[in-house]
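For reference, the structure discussed in these notes is given below.
Both backbone and side-chain heavy atoms feed into the values below; hydrogens, waters and symmetry mates do not. All chains are named by letter (A, B, ...) in the order of the sequence lines, taking the proteins before the strands, and each is independently numbered beginning at 1.
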Amino acid sequence: MVSLTLKGITRKFGDVTAVDDVSVEIAGGELFFLLGPSGCGKTTLLRLIAGFYAPDAGSILFDDKDVTRTPPHRRNTGMVFQNYALWPHMSVRENVAYGLVLRKVSTSEQNDRVSEALGMVRMDRYGERSPNQLSGGQQQRVALARALVIRPDVVLLDEPLSNLDARLRLEMRDEIRRIHDETGTTMIYVTHDQKEALSMADRVAVMDMGAVAQTGAPRSIYDRPANAFVADFIGETNFVAGRLTRSELPLAVETAVGVLHSTVEPVEELSLGDEVVCSVRPEAIRVSDPDADAVEDTAPGEDTAAREGENVMNGVVRQTVYLGDHEQYSVRLDDGTPMKLVDHRPGRQLAGPGAPVRLTCDASQVVVLGKPG
Amino acid sequence: MPRSRFDLSDLTPGVIAILGVLVVFFGLFLFYPILHVLLNAFYTDQQFSVEFFGLMLQSPVQQRALINSFELGIVTTALTTIIALPMAVALVRYDFIGKGLLGGLALVPMIMPPFVGAIGMKQMFARFGSINLFLLETGLIDAPIDWFGGGGFWGVVILEALHLYPIMYLNIAAALANVDPSLEESARNVGAGGFRLFRTVTFPLMLPGYFAGAIIVFIWAFTDLGTPLIFEFREVVAVQIFNMSTDVHANPLGYALVVFVVLVTLALFYLSKKFFGGRHYEMVARGHVASASKRATSFETVLIWGMLLSITGIALIPHLSVVLTSVTERWFMTVLPSDYTVAYYGQIFAHDLTLLSIRNSLWLSVMSTVIDIVLGVAIAYLLTRRRFPFRDALDAVAMLPLALPGLVLAFGYISGFSGTILDVRVSPVPLLIIAYAVRRLPYMVRAAYAGFQQMSVTLEEASMNMGAGPLRTLWKITMPLVLANVAAGAILSFSFAMLEVSDSLILAIKEQYYPITKAIYSLMGRIIDGPYMASAMGMLGMILLACSLLFTGKVLGRRMGQLFKV
């Protein structure tokens, strides 16, 4: 199990900085994700680790060994390419055995290890086939076996599931996770699919414009995004803009629809009076009839909600979309801010289009973030 | 992936070494000879002068030659367009029974240099040849018709058109196929249809492709040496240059003529770049273009079959005439030969001149093909896999020989290397090999380029990732995967080298070095069995080229057309 250290990696292509001063520590045996929108530099970073590019600045360490200038064929990484990159002039077995032949492994050991690797990806019966005779999912498995069979220091996966259909993608997620757990190999997995990352990763680095925006376990990234980009990119969220009026917990943000409170410690450093946004996940918002407890409404400015640990916003339903297992509501707050929310047990419609609603959410569900540049 | 720019780290020693070899090769064997001709044409006695051009334009013979050559080029280009355009539309835009067969047949005329066809055609269309005799016997005419009126002009035009229309067809078809159907669909969508659609959308989009083909055809006809020689239509630029190549030192007029040809060529390319340079409509890179062809109705099928069969039929007349001539025992004042024999095929391998020429051609072509494989693969590899400065320049230089008449190159070699160890009077072998190699390099580059392009870079990266170094990756992964393309390009280069006309005629001075084409030409001078043996030799060449074109077509498929484009 090899750990990886990336120190201040920068790579430019002409005037474009594809990777900008990235530092990441990846523990041995970790299933580590590089997640971000297309063009964020995640694939470039992976190719830098594989050695296909050399960084303009910074260094790459496998354990304590500096491999920054090591050519790709001496790095002992196993890469799974987005298009699988199986060699069409070789059989499945020959594809998988290629790396072992180069490592001068004895023929009998080659056979054993190829069979073992093909067995692990459940392709043992297809050894004599040509890659062209395999489906996309099967090619994917062979590519994985080829990367694993050399017992690489680190397995690099470049959007491995992006060419598969939705059902197969779900299946392969479990497969890759299983293989990771069985082999215990350090794996770095590049994807733009946040669901893939959230469901599989030990840890995730969210990348934006060449830089790492946040690194952490899926849960912490989802629940405590470091900035507005991460909050927006991971899952869905609503932003309500305002000004920070209390910088100790619980935070208070004065917005056009009233004061919102948050009990979540912000990752970014914020100071009193900063322009901020409050991120509230759609599933954290509850809907109630504004008249139901109108009696409790007190004069504006009084801190009712904070006392109850609850934030209140008023708005009007614009549209609802019923999807069987859940129902989506689009609401426009009184100041015009759009809000999305989700009812996960849509037994009955909570409010139809045009109906005024009262939205409530717990202060622990509100994350205060610096206003994005 | 941002791969367009290069940085210094891409300039590995290997890349620099290859670029160095290429610079030397092209510098010595492509640019130096042409420059040498230019300098000799403009500088006499250390002084700049345009005197020879004056001489050239004053001489009535040269005037006639210039006019004739231009007429040849223009009429041939027009004729090939008329033949090829409807063919291309039918074969690209319609689906019908036998499409593959007819599409293949359409290319058959390419398998023979027109000057070989000319030998057979002369037999058939002579004053008392088969056709006139047939017409006389059936009473359709009273006196023999002069088919090649104008001193052979029409004979040359017809043979060249029948030989060159496949090149025009391949270019137009490729251009048509590359017009993204969605562009036409969107035009239909806004209400343009039928001829209007063709005129306003399809035609403008395919125009650059058409001109690429037209320029090749024009230059080919303008500078073709073999066909006018056989028809003894001597007042053309090519024949004049050929005559003067034997005394380059005494007569400077040859330089002026060659320079003139170079200028015409450059002007054509300049014009085409100026008008179409920025307009590359090819959408090949977009991957598979949805099929834009529609099923032909039965009426359309009949029309298409009729058209294609009659074109191919007519185009095959020269070939048939060569076949007939090659097996003729006696053919005098009769429509068809009165006695047949296969003796000439045997004689080819017994006769000193022919046997030697076959051996010479094989040896020269093999050597030139080896050079082409090495240089072509290296160039294609650099162009597709590496980033380096002056990439476009290398691309252009490698393609230049397609546009450069063999005549010009050969003349440049004779004059530029005279008195050096490469002097053709010592031995033309090195320069013949190099001339063939330079002339056929574009086919090799294109074929290999297509192979590299079809092959995803990740296949090579995966190999390196598995632990294979660059050389092993090249050997185990890259080469096996582009092998078919390299083989196709090599075979094509080889066959065209075997049938190379102008440089063979000019460079091979002594009989012991004659390649096949020069042997055929010199056989024609022999009264008795000359034409028959020449035809038998021509047949051999045809069979060779036919097989290699079939193979190349199989490997390259639709990309075949790209081989013949500038």
Side-chain angles (χ1 to χ4, degrees), chain A residues 11-19 38-39 41 43-44 46-47 49-56 69 71-90 94-105 131 142-143 146-150 152 154-156 158, chain B residues 1-15 285-288 384-392 448 450-488 555 557:
Chain A
R11 170 72 207 208
K12 293 185 174 125
F13 293 103
D15 303 330
V16 183
T17 306
V19 173
S38 64
T43 295
T44 305
L46 195 77
R47 294 173 62 84
I49 297 171
F52 296 132
Y53 303 140
D56 297 322
R69 299 288 149 193
H73 58 283
R74 301 222 181 85
R75 288 205 185 184
N76 200 33
T77 65
M79 183 144 169
V80 177
F81 291 84
Q82 190 170 7
N83 63 355
Y84 321 133
L86 298 180
W87 302 300
H89 61 304
M90 298 183 191
E94 287 168 335
N95 263 281
V96 178
Y98 187 79
L100 296 178
V101 175
L102 291 169
R103 281 167 180 72
K104 306 213 165 44
V105 172
V142 175
R146 185 176 67 182
L148 290 168
V149 77
I150 58 168
V154 52
V155 174
L156 307 171
D158 184 9
Chain B
M1 203 56 40
R3 283 192 65 105
S4 57
R5 292 160 182 275
F6 70 93
D7 47 58
L8 284 173
S9 64
D10 293 312
L11 281 177
T12 60
V15 172
R286 286 259 141 254
H288 273 291
T384 51
R385 292 292 190 263
R386 294 295 177 141
R387 295 176 296 168
F388 54 93
F390 304 114
R391 192 184 165 284
D392 293 342
F452 281 119
Q453 238 181 2
Q454 279 170 321
M455 181 188 158
S456 167
V457 188
T458 56
L459 292 175
E460 290 158 275
E461 286 175 348
S463 165
M464 298 220 256
N465 179 250
M466 286 292 107
L471 280 180
R472 195 192 292 263
T473 298
L474 187 70
W475 185 245
K476 299 282 278 187
I477 305 294
T478 316
M479 286 318 282
L481 288 174
V482 297
L483 188 66
N485 282 66
V486 171
V555 172

Let me have the donor-acceptor pairs involving side chains of residues 475-482 of chain B, under 3.5 Å, with sequence neighbours excluded, atom names and distances please.
from	atom 1	to	atom 2	distance (Å)
B:Thr478	OG1	B:Glu460	OE2	3.2
B:Thr478	OG1	B:Thr473	O	3.4

Report the residues that fulfil side-chain hydrogen bond (donor to acceptor under 3.5 Å, both in side chains) with A:Thr77, sequence neighbours left out, ordered by chain and then residue number.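 Scan of A:Thr77 (side-chain hydrogen bond (donor to acceptor under 3.5 Å, both in side chains), adjacent residues dropped) gives B:Asn465.
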So for A:Pro71, is it side chain, backbone, both, or neither that comes closer than 4.5 Å to the heavy atoms of chain B?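 Neither part.
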Given a strict heavy-atom distance threshold of 4.5 Å, which part of A:Leu100 is in contact with chain B: side chain, backbone, both, or neither?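 Contact with chain B involves no heavy atom of A:Leu100 at all.
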Considering all heavy atoms, the nearest [X]-[Y] contact:
X        : Y        : value
A:Phe52  : B:Met464 : CE2-CB, 4.3 Å
A:Tyr98  : B:Met466 : CD2-CB, 3.9 Å
A:Leu102 : B:Gly467 : CD1-C, 3.7 Å

Taking atom OH of A:Tyr84 and atom CG of B:Leu459, what is their separation to the nearest 0.5 Å?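 CG of B:Leu459 is found 13.5 Å from OH of A:Tyr84.
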Largest heavy-atom contact set with chain B, pairs under 4.5 Å, which of A:Arg75, A:Arg146, A:Met90: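 Greatest number of close heavy-atom pairs with chain B: A:Arg146.
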Any side-chain heavy atom of B:Ser463 sitting closer than 4.5 Å to one from A:His73?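 They are not in side-chain contact.
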Within a radius of less than 6.0 Å around CZ of A:Arg74, do more than 12 heavy atoms belonging to other residues, nucleotides or ligands occur?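 Counting other residues, nucleotides and ligands, CZ of A:Arg74 stays at 12 neighbours or fewer.
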